[in-house]
Amino acid sequence: MVRVRFAPSPTGMLHVGSLRSGLYNYLFARHLGGTCILRIEDTDQTRYVEGAEQNIFEMFRWTGIEFDEGPHVGGPHGPYRQSERTDIYRVHAQMLLDRGTAYYAFDTAEELDRMRERQKAAGVAPKYDRTSMRNQFTLGEEETRRLIDSGTPWTIRLFVPLTGETRTSDLVRGESVFPNKTIDDQILLKSDGYPTYHLANIVDDHLMEITHVIRGEEWLPSLPKHVILYDAFGWEKPQFAHLPLLLGPTRKKLSKRDGDVSVAEYLQKGYLPEALVNFVALLGWNPTADREIFTVEEMIAMFELEKVNKAGAIFDLEKLNWMNGMYLRQMPIERLAGDVLPILARAGFGNVEMIYAEAVVDLIKERITTLNDIPTFADYMFGPIRCIDFAYAQKHWKAGTQEQVAEMAGRFARLNPAEWTVSMIEGVVRGYAEELGLSAGKLIHPLRLAITGRQVGAGMFETMVVLGQGTSITRLREFTGPAV
RNA sequence: GCUCCCAUCGACUAGUGGUUAGGUCGCCACCCUUUCACGGUGGUAGCACGGGUUCGAAUCCCGUUGGGAGUACCA
């Protein structure tokens, strides 16, 4: 039985890269009928951000990705918050101490800084120097005991052999070999009693019976440390799969500098969760080259780690926008209208009827990229015209136009309410155009101008139907040409 | 600097020795048309470079170059 985990640290809003990692874990587990767990890695007291954990839960709920075990749902391997497991890590650190694969160190931050400066000056790679720093080996057992008993702050470091090499294996990248002399004696237990990622992660993955570790490529360089740790404990290793990074436009790891990187921002901007998930899924994984749009169910059915790419992928907003538009057009209208009411309210259009919102969304959904575009794209559907496209007005509002518009308003008024349909309105306009010997466009543009104030919009007759007979006629009668 | 990873159109990718190197986004043109979109059609553009291996390399090997990640008592 396959068990995977998504293990974010609550240090900020959930990142789109994290969303993808979580998604891949979820797809992988569901594909194989396994279990996907959520573990909160909150071992850094200094970076803890209030509300971050809540944001993780909320964003995954928004995207529909569910975890089988986690702090929010419980499970047989809890607690799922590392800050609640500190005793476990301490016991395991002691196990390593007993086996001689870890040791006490007493160096202060300043001493370590000086060590790195010396190494840098000497042109050597920065790495903890076991032979010259203050630790169990240089101080001796007795002094070590005395320091600990006297309350001197201490840490526990991983003992990495100076010779030999460590081999790693990765499902997407294959085998790699790391010279042991380049691997640092990583701190496992910090002086504040909390574990570092490396210890907590290995211990929890083992205790939680994780079979596959699927995580970002930024962890690849520390994989040998993890391999050494598993061996030090004498534990069987899970399989590893390091995912290609999500990149910004400059090909560097996607970060805040590159714009919106948190899932919450895309929610706020009116993107549909289905579109975001679909988009992010295809960054680094491709089930088949002839399709772009997939439901989560389809992705689950097709997901394979073997099809995950090695190279990083740029997060391209243009394609996300296109994809969101695709989803917008195929989404059930009721669902969209429900989402759009709060957006309208925020834009100052309160008291909009659900049925009316549905009609407007249906009218313009082909022309917008996100739901947030609605209040600005079609403000005239929710209140009086706010602005007039002057160039458009100049082009289509000529001498005599006023009278033609008035005539059409009169004819529209003669339609009974049941006749307020696209075909009837169109009939009136085209009929009148024929009488005048004009192309219909000569009349439609003035109509559009008087009713919407701008050039770009949905079909004119459809717009008038949604807007209603009374409002349409009123606008035609009250419009007296572009203000000068 | 050191360690590791990576390399197909501008972007996301298909391709696992023999293809006119395919698809999608973007861009351009045309069609549809009351505008803008949608939709349809066509087009633009790519195997980083150099050596091998092979009858034959985008595909395999080596090197170069380029890019990235890591190098914390952060994850």
Side-chain angles (χ1 to χ4, degrees), chain A residues 7-11 41-44 46-47 105 107-109 112-113 116 119-120 123-128 153-157 168 170 172-174 176-179 181-184 186-192 194-198 200-201 216-224 242 244-245 247 249-253 279 282-286 288-293 309-323 325-326 329 364-369 377 389 392 396 426 429-430 433 439-449 452 454-461:
Chain A
S9 56
T11 54
E41 309 223 325
D42 54 348
T43 56
D44 187 350
T46 63
R47 290 211 309 158
D107 316 280
T108 64
L112 291 169
D113 283 344
R116 287 187 202 100
Q119 291 169 330
K120 200 173 176 185
V124 193
K127 177 172 176 286
Y128 185 73
W154 50 266
T155 60
I156 294 177
R157 282 182 181 268
T168 65
D170 184 284
V172 345
R173 279 148 223 283
S176 299
V177 183
F178 296 74
K181 64 171 187 288
T182 66
I183 303 172
D184 208 354
Q186 186 60 235
I187 287 187
L188 301 177
L189 207 60
K190 301 184 264 189
S191 57
D192 65 359
Y194 279 85
T196 57
Y197 172 89
H198 308 281
N201 196 263
E217 190 189 327
E218 67 268 27
W219 291 109
L220 204 48
S222 44
L223 183 53
H242 287 86
L245 257 18
L247 275 21
T250 56
R251 287 214 159 269
K252 296 208 188 303
K253 197 160 97 171
F279 173 68
L282 262 30
L283 256 24
W285 170 67
N286 193 296
T288 165
D290 57 5
R291 275 179 68 191
E292 302 288 327
I293 306 294
N309 284 108
K310 294 197 242 291
I314 293 178
F315 189 95
D316 179 21
L317 205 58
E318 293 273 16
K319 189 153 183 179
L320 203 213
N321 285 338
W322 165 78
M323 197 170 275
M326 293 295 286
R329 268 160 244 139
I364 63 174
K365 63 180 180 182
E366 283 180 3
R367 290 152 224 269
I368 54 176
T369 52
F377 184 87
D389 181 336
Y392 182 56
H396 295 286
E426 182 162 12
V429 175
R430 293 198 188 279
S439 67
K442 288 279 187 293
L443 295 179
I444 293 170
H445 285 296
L447 282 180
R448 181 177 294 285
L449 184 63
T452 75
R454 59 184 71 170
Q455 179 166 206
V456 175
M460 197 58 245
F461 310 128

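Throughout, protein chains are lettered first and strands after them, A, B, ... in sequence-line order, and every chain is numbered starting at 1.
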Please tabulate the protein-to-nucleotide N/O contacts below 3.5 Å involving nucleotides 57-64 of chain B, giving atom names and distances.
none

Produce the list of close N/O pairs, under 3.5 Å, pairing protein atoms with atoms of nucleotides 46-50 of chain B; give distances to one decimal.
none

[X] side chain N/O closer than 4.0 Å to the phosphate oxygens (OP1, OP2) of [N]?
X: A:Arg116; N: B:rC73; result: yes
X: A:Thr43; N: B:rA75; result: yes
X: A:Arg251; N: B:rA69; result: no
X: A:Arg454; N: B:rU35; result: no
X: A:Lys310; N: B:rC5; result: no
X: A:Ser176; N: B:rC5; result: yes
X: A:Arg448; N: B:rU33; result: no
X: A:Arg291; N: B:rG23; result: no

Strand partner of [N], provided both Watson-Crick or wobble distances fall under 3.5 Å:
N: B:rU24; value: B:rA11
N: B:rU41; value: B:rA29
N: B:rU53; value: none
N: B:rG66; value: B:rC6
N: B:rU34; value: none
N: B:rU71; value: B:rG1

Would you mind reading off the distance between [X] atom [atom1] and [N] atom [atom2], rounded to a whole angstrom?
X: A:Gln455; N: B:rA37; atom1: CD; atom2: C1'; answer: 13 Å
X: A:Lys253; N: B:rC74; atom1: NZ; atom2: P; answer: 16 Å
X: A:Ile314; N: B:rC25; atom1: CD1; atom2: P; answer: 18 Å
X: A:Gln186; N: B:rA72; atom1: CD; atom2: P; answer: 8 Å
X: A:Arg173; N: B:rC5; atom1: CZ; atom2: C1'; answer: 6 Å
X: A:Phe461; N: B:rC36; atom1: CZ; atom2: P; answer: 16 Å
X: A:Phe315; N: B:rA11; atom1: CZ; atom2: P; answer: 17 Å
X: A:Trp219; N: B:rC5; atom1: CH2; atom2: C1'; answer: 16 Å

Which one, [options], comes nearest to the side chain of [X]?
X: A:Glu218; options: B:rA14, B:rA75, B:rC36; value: B:rA75
X: A:Trp322; options: B:rA75, B:rU34, B:rU24; value: B:rU24
X: A:Met460; options: B:rU34, B:rA11, B:rA75; value: B:rU34
X: A:Pro126; options: B:rA69, B:rG1, B:rC6; value: B:rG1
X: A:Ala311; options: B:rC25, B:rC6, B:rG68; value: B:rC6
X: A:Asn286; options: B:rC73, B:rC38, B:rA14; value: B:rA14
X: A:Thr196; options: B:rC74, B:rU34, B:rU3; value: B:rC74
X: A:Lys190; options: B:rC5, B:rC74, B:rU34; value: B:rC74
X: A:Ala125; options: B:rU34, B:rC2, B:rC36; value: B:rC2
X: A:Ala313; options: B:rC73, B:rC12, B:rA69; value: B:rC12

(request) Between A:Tyr197 and A:Lys319, just flag the one whose closest nucleotide in RNA chain B comes earlier from the 5' side. (result) A:Lys319
Side-chain donor or acceptor of [X] paired with backbone N/O of [Y] under 3.5 Å:
X: A:Asp42; Y: A:Pro10; answer: no
X: A:Ser9; Y: A:Thr11; answer: no
X: A:Thr182; Y: A:Pro179; answer: yes
X: A:Arg454; Y: A:Val456; answer: no
X: A:Asn286; Y: A:Thr288; answer: yes

(request) Return the orientation label for the A:His396 and A:His445 ring planes: parallel under 30°, perpendicular over 60°, tilted otherwise. (result)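 Because their plane-to-plane angle is under 30°, the rings of A:His396 and A:His445 count as parallel.
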(request) Could you check whether the rings of A:His198 and A:Trp219 sit parallel, tilted or perpendicular, using 30° and 60° as the cut-offs? (result)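 Plane angle over 60°, so perpendicular.
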(message) Between B:rU71 and A:Lys127, counting only base atoms on the nucleotide and side-chain atoms on the residue, is there a donor-acceptor pair under 3.5 Å?
(response) no
(message) Quiz question: going by heavy-atom distance under 3.5 Å, is there a donor-acceptor pair between the base of B:rC73 and the side chain of A:Ser191?
(response)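 Indeed, a donor on one side and an acceptor on the other fall under 3.5 Å apart.
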(message) Between A:Pro244 and A:Lys310, is there a side-chain heavy-atom distance shorter than 4.5 Å?
(response)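 They are not in contact (no side-chain heavy atoms under 4.5 Å apart), so the answer is no.
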(request) For residues A:Phe178 and A:Leu223, determine if any side-chain heavy atom of one lies less than 4.5 Å from a side-chain heavy atom of the other. (result)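 SC-SC contact between A:Phe178 and A:Leu223 ruled out.
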Could you tell me whether [X] contacts a base, only the sugar-phosphate backbone, or nothing, with contacts defined as non-hydrogen atoms closer than 4.0 Å?
X: A:Val124; value: nothing
X: A:Glu41; value: sugar-phosphate
X: A:Thr155; value: base
X: A:Pro195; value: sugar-phosphate
X: A:Ala458; value: base
X: A:Gly284; value: sugar-phosphate
X: A:Asn201; value: nothing

(message) If you compare all heavy atoms of A:Pro153 against all heavy atoms of A:Ser191, which two are closest, and at what distance to 0.1 Å?
(response)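 Closest approach of A:Pro153 to A:Ser191: CB-CB, 4.3 Å.
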(request) Mind listing the closest non-hydrogen atom pair of A:Glu218 and A:Leu245 along with its distance? (result) OE1-CD1, 3.2 Å
(request) Tell me, please, whether A:Tyr128 has A:Arg157 positioned over its six-membered ring: NZ or CZ under 6.0 Å from the ring centre and within 45 degrees of its axis? (result) yes
(message) Any carboxylate oxygen within less than 4.0 angstrom of a Lys/Arg side-chain nitrogen, looking at A:Asp316 and A:Lys319?
(response)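 Here A:Asp316 does not pair with A:Lys319 in a salt bridge, since their nearest N and O are not under 4.0 Å apart.
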